[in-house]
2 protein chains.
Amino acid sequence: MPAKVSDSTIRRLSHYLRILEAMARDGGGTVSSVQLAAAAGTTAAQVRKDLSLFGSFGKRGHGYQVAELADRVREILGLGRDWRVALVGAGRIGSALFEYADFRRRGFHIVAVLDVDPAKIGERWGTLAVEDVASLEAALEREGVEVLIVTVPATEAQAIVDRAVASGVRGILNFAPTQLRTEDGVFVHDVNMVMELEALSFDLTNRIPADVGDTAD
Amino acid sequence: MPAKVSDSTIRRLSHYLRILEAMARDGGGTVSSVQLAAAAGTTAAQVRKDLSLFGSFGKRGHGYQVAELADRVREILGLGRDWRVALVGAGRIGSALFEYADFRRRGFHIVAVLDVDPAKIGERWGTLAVEDVASLEAALEREGVEVLIVTVPATEAQAIVDRAVASGVRGILNFAPTQLRTEDGVFVHDVNMVMELEALSFDLTNRIPADVGDTAD
DNA sequence: AGACGCTTGTGAAATAGTTCACAATGCTAG
DNA sequence: CTAGCATTGTGAACTATTTCACAAGCGTCT
Ligand SMILES: NC(=O)c1ccc[n+]([C@@H]2O[C@H](COP(=O)([O-])OP(=O)(O)OC[C@H]3O[C@@H](n4cnc5c(N)ncnc54)[C@H](O)[C@@H]3O)[C@@H](O)[C@H]2O)c1
Ligand SMILES: NC(=O)c1ccc[n+]([C@@H]2O[C@H](COP(=O)([O-])OP(=O)(O)OC[C@H]3O[C@@H](n4cnc5c(N)ncnc54)[C@H](O)[C@@H]3O)[C@@H](O)[C@H]2O)c1
């Protein structure tokens with residue numbers, strides 16, 4: 001793997017993979033960088049540059065084999081295996097995520113659900129029972145959890161994460177709108193919907209296209 | 001407003017705003033760029049550069065007034081007003097979002113909920129009734145909707161968005177894992193959790209820190 | 001076998017974004 | 001009023017990312 005791979009390259013690879021999988025379902029065959037770029041909303045040069053960071057996957061004059069390229073991208077992203085995931089916070093967003101089939105389909109298996117609310121502890125969720133967050137460490141170790149999905153209130157998130165990291169969790173998908181602090185070697189990705197709405201608000205307010213006057217102020 | 005403002009600047013401004021609001025609740029006073037940067041996980045120079053794109057909000061030697069800076073950032077982001085939002089797809093993620101208080105608190109008001117499922121149409125959601133998506137256009141126009149949250153299956157998303165754009169919607173927050181095509185002047189922001197998990201998978205697979213051998217292959 | 005058409009892979013150029021470093025400035029104290 | 005201190009605002013330097021542009025390579029056709 002190359003020393004430096006930008007975050008945006010990784011996001012695009014994930015995007016390419018989704019497109020390649022759809023193409024494979026539709027019969028597969030080959031794609032050129034131009035076609036893949038059109039489907040992903042980027043440029044052909046960008047597609048080729050992204051892929052070339054990891055190797056030479058195409059045939060000159062003919063493009064890429066859809067199925068094979070999907071396999072290579074999956075491998076690059078580390079998706080050639082299953083990941084064991086725990087969900088902390090069995091609330092509204094937590095339950096939506098639990099039932100989201102795409103996670104499992106991509107190899108992310110929720111193997112434990114934890115909450116602090118006595119009314120929720122013991123509830124059956126699919127084949128699991130919601131556990132008491134008091135035994136977070138035990139659950140993480142018992143299930144060999146590597147990735148934590150955090151859907152607790154923002155005030156609780158840091159404490160949960162500290163405990164999970166102490167129990168060996170190295171990857172965190174955080175839905176709480178708070179800046180998590182972790183040691184090196186722990187990867188945190190935030191999903192922040194309010195931020196996206198605010199970015200939309202900025203766009204709508206300030207990025208009105210040229211035909212409407214935008215030179216004021 | 002400056003001609004070019006990067007996306008990352010906007011994301012950071014939203015982040016600063018959340019921090020400033022927390023500081024304001026804790027008493028406020030002033031913040032320096034160093035303090036704000038520490039709270040946001042960035043650098044002081046970055047904070048000052050971001051803000052200086054829009055004006056001079058600080059006092060040399062003393063930093064920024066928390067409450068005043070929060071106001072200015074809110075204004076920059078176009079948050080000095082309420083936004084009328086419709087939610088299409090009254091399913092699992094849609095219902096979690098509907099009840100998410102932070103949206104309303106930030107001025108994003110869900111004023112219509114629509115679905116195609118006869119079992120859902122007519123359900124009372126808070127003060128609203130779930131409406132038939134067949135009357136999407138009527139609902140959007142009646143409520144003066146500007147922003148659409150899309151939580152329908154990926155296969156349905158493009159058609160919904162085309163209709164909404166034809167009815168005057170210019171901002172879309174899309175949860176469906178599909179690349180939406182829209183005309184110029186329509187802003188789409190995607191929330192893609194699978195992409196975040198895949199990025200995490202890449203990190204855990206390839207970005208193992210230096211003390212573990214990472215020069216192999 | 002050679003020529004052709006098409007598309008990759010990739011250095012080099014261009015553009016975008018971040019960090020540096022410091023003069024300018026406001027406040028406080030004496 | 002002046003000195004001293006802290007911190008902003010900002011060009012300039014640096015780094016990262018994207019785009020350009022084209023030689024290299026593959027398969028096909030004659
Ligand atoms: N609902 C949404 O659409 C949405 C969207 C984006 C982000 N979020 C964020 O996700 C988080 C959860 O939101 P929600 O709407 O699902 O709230 P919720 O109140 O429905 O769920 C939170 C759950 O966490 C549990 N909990 C609280 N403290 C805990 C602890 N210390 N350990 C374990 N469990 C604990 C609660 O019992 C509850 O079941 C919040 O940080 C929120 O800001 C929610
Ligand atoms: N559940 C999650 O945690 C989650 C996470 C990320 C993304 N998503 C995405 O969000 C979308 C919805 O997921 P979900 O889990 O809530 O699914 P869901 O099946 O629970 O909800 C989808 C809803 O959309 C409605 N619907 C279908 N076609 C429609 C149409 N043409 N017009 C209006 N409504 C229509 C359905 O009746 C249903 O109520 C999907 O694209 C999914 O990939 C879901």
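Order of the sequence lines sets the chain letters (A, B, ...), proteins ahead of strands, with each chain counted from 1. Side chains are part of it too, since the values below use all heavy atoms of this structure and drop only hydrogens, waters and symmetry mates.
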Undergrad: Can you name the residues that form a salt bridge (charged side-chain N to carboxylate O under 4.0 Å, His left out) with E137(B), not counting sequence neighbours?
TA: R163(B)

Undergrad: Does R104(B) have any side chain to side chain donor-acceptor pair (under 3.5 Å) partners at least two apart in sequence or in another chain, and if so, which?
TA: none

Undergrad: Quick check: do F187(B) and R207(A) have side-chain heavy atoms less than 4.5 Å from each other?
TA: yes

Undergrad: Go through DNA chain D in 5' to 3' direction and return only the first and the last nucleotide with some atom under 4.0 Å of chain A's heavy atoms.
TA: dT17(D) to dG27(D)

Undergrad: List in numerical order all residues of residues 30-37 of chain B for which some heavy atom is under 4.0 Å away from an atom belonging to DNA chain C.
TA: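 Under 4.0 Å from DNA chain C: no residue of residues 30-37 of chain B.
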
Undergrad: With sequence neighbours excluded, what pairs up with D102(A) under the side chain to side chain donor-acceptor pair (under 3.5 Å) test?
TA: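 D102(A) satisfies side chain to side chain donor-acceptor pair (under 3.5 Å) with Y100(A), R105(A) once adjacent residues are dropped.
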
Undergrad: Does N206(B) use its side chain to pair, donor to acceptor, with the backbone of I76(A) at less than 3.5 Å?
TA: yes

Undergrad: Can you name the residues that form a side-chain contact (heavy atoms from CB on, under 4.5 Å) with R72(A), not counting sequence neighbours?
TA: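 Scan of R72(A) (side-chain contact (heavy atoms from CB on, under 4.5 Å), adjacent residues dropped) gives F57(A), E68(A), E75(A).
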
Undergrad: Identify, with sequence neighbours excluded, every residue that meets side-chain contact (heavy atoms from CB on, under 4.5 Å) alongside A139(A).
TA: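 Per chain and number, A139(A) pairs via side-chain contact (heavy atoms from CB on, under 4.5 Å) with L114(A), E131(A), R142(A).
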
Undergrad: Of the options I110(A), I149(A), T151(A), which is the one that meets F98(A) in a side-chain contact (heavy atoms from CB on, under 4.5 Å)?
TA: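 By the side-chain contact (heavy atoms from CB on, under 4.5 Å) criterion, F98(A) pairs with just one of I110(A), I149(A), T151(A): I110(A).
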
Undergrad: Taking S201(A) for its side chain and L197(A) for its backbone only, find out whether a donor-acceptor pair lies under 3.5 Å.
TA: no

Undergrad: What distance separates L77(B) CG from L204(A) CG, expressed to the nearest 0.5 Å?
TA: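 Between L77(B) CG and L204(A) CG, I get 12.0 Å after rounding to 0.5 Å.
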
Undergrad: Would you kindly say whether H15(A) and N192(B) are connected by a side-chain donor-acceptor distance under 3.5 Å?
TA: no

Undergrad: Please list, in numerical order, the residues of residues 58-74 of chain A that have a heavy atom closer than 4.0 Å to any atom of DNA chain C.
TA: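 Hits under 4.0 Å, by residue number: G58(A), K59(A), R60(A), G61(A), H62(A), G63(A), Y64(A).
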
Undergrad: Under 4.0 Å between a Lys/Arg side-chain N and an Asp/Glu carboxylate O for E146(B) and R84(B)?
TA: no

Undergrad: For residues 12-29 of chain B, which residue pairs pass the salt bridge (Lys or Arg N to Asp or Glu O under 4.0 Å) check, not counting sequence neighbours?
TA: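 Salt bridge (Lys or Arg N to Asp or Glu O under 4.0 Å) check on residues 12-29 of chain B returns R12(B)-D50(B), E21(B)-R74(B), E21(B)-R106(B).
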
Undergrad: Are E196(B) and R11(A) close enough for a salt bridge, meaning some N to O gap below 4.0 Å?
TA: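 Here E196(B) pairs with R11(A) in a salt bridge, since their nearest N and O are under 4.0 Å apart.
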
Undergrad: Just to be sure I follow the notation: if a pair is Watson-Crick (purine N1 to pyrimidine N3 plus N6-O4 or O6-N4) or a G-U wobble (N1-O2 and O6-N3), each under 3.5 Å, what dot-bracket string does DNA chain D give, with | for pairs to another strand?
TA: ||||||||||||||||||||||||||||||

Undergrad: Tell me every residue that passes salt bridge (charged side-chain N to carboxylate O under 4.0 Å, His left out) with D82(B), counting only those two or more places apart in sequence or in another chain.
TA: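 Applying salt bridge (charged side-chain N to carboxylate O under 4.0 Å, His left out) to D82(B) gives none.
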
Undergrad: Please encode protein proximity along nucleotides 12-20 of chain C as a string of B, S and -, counting only heavy-atom distances under 4.0 Å.
TA: B----SSBB

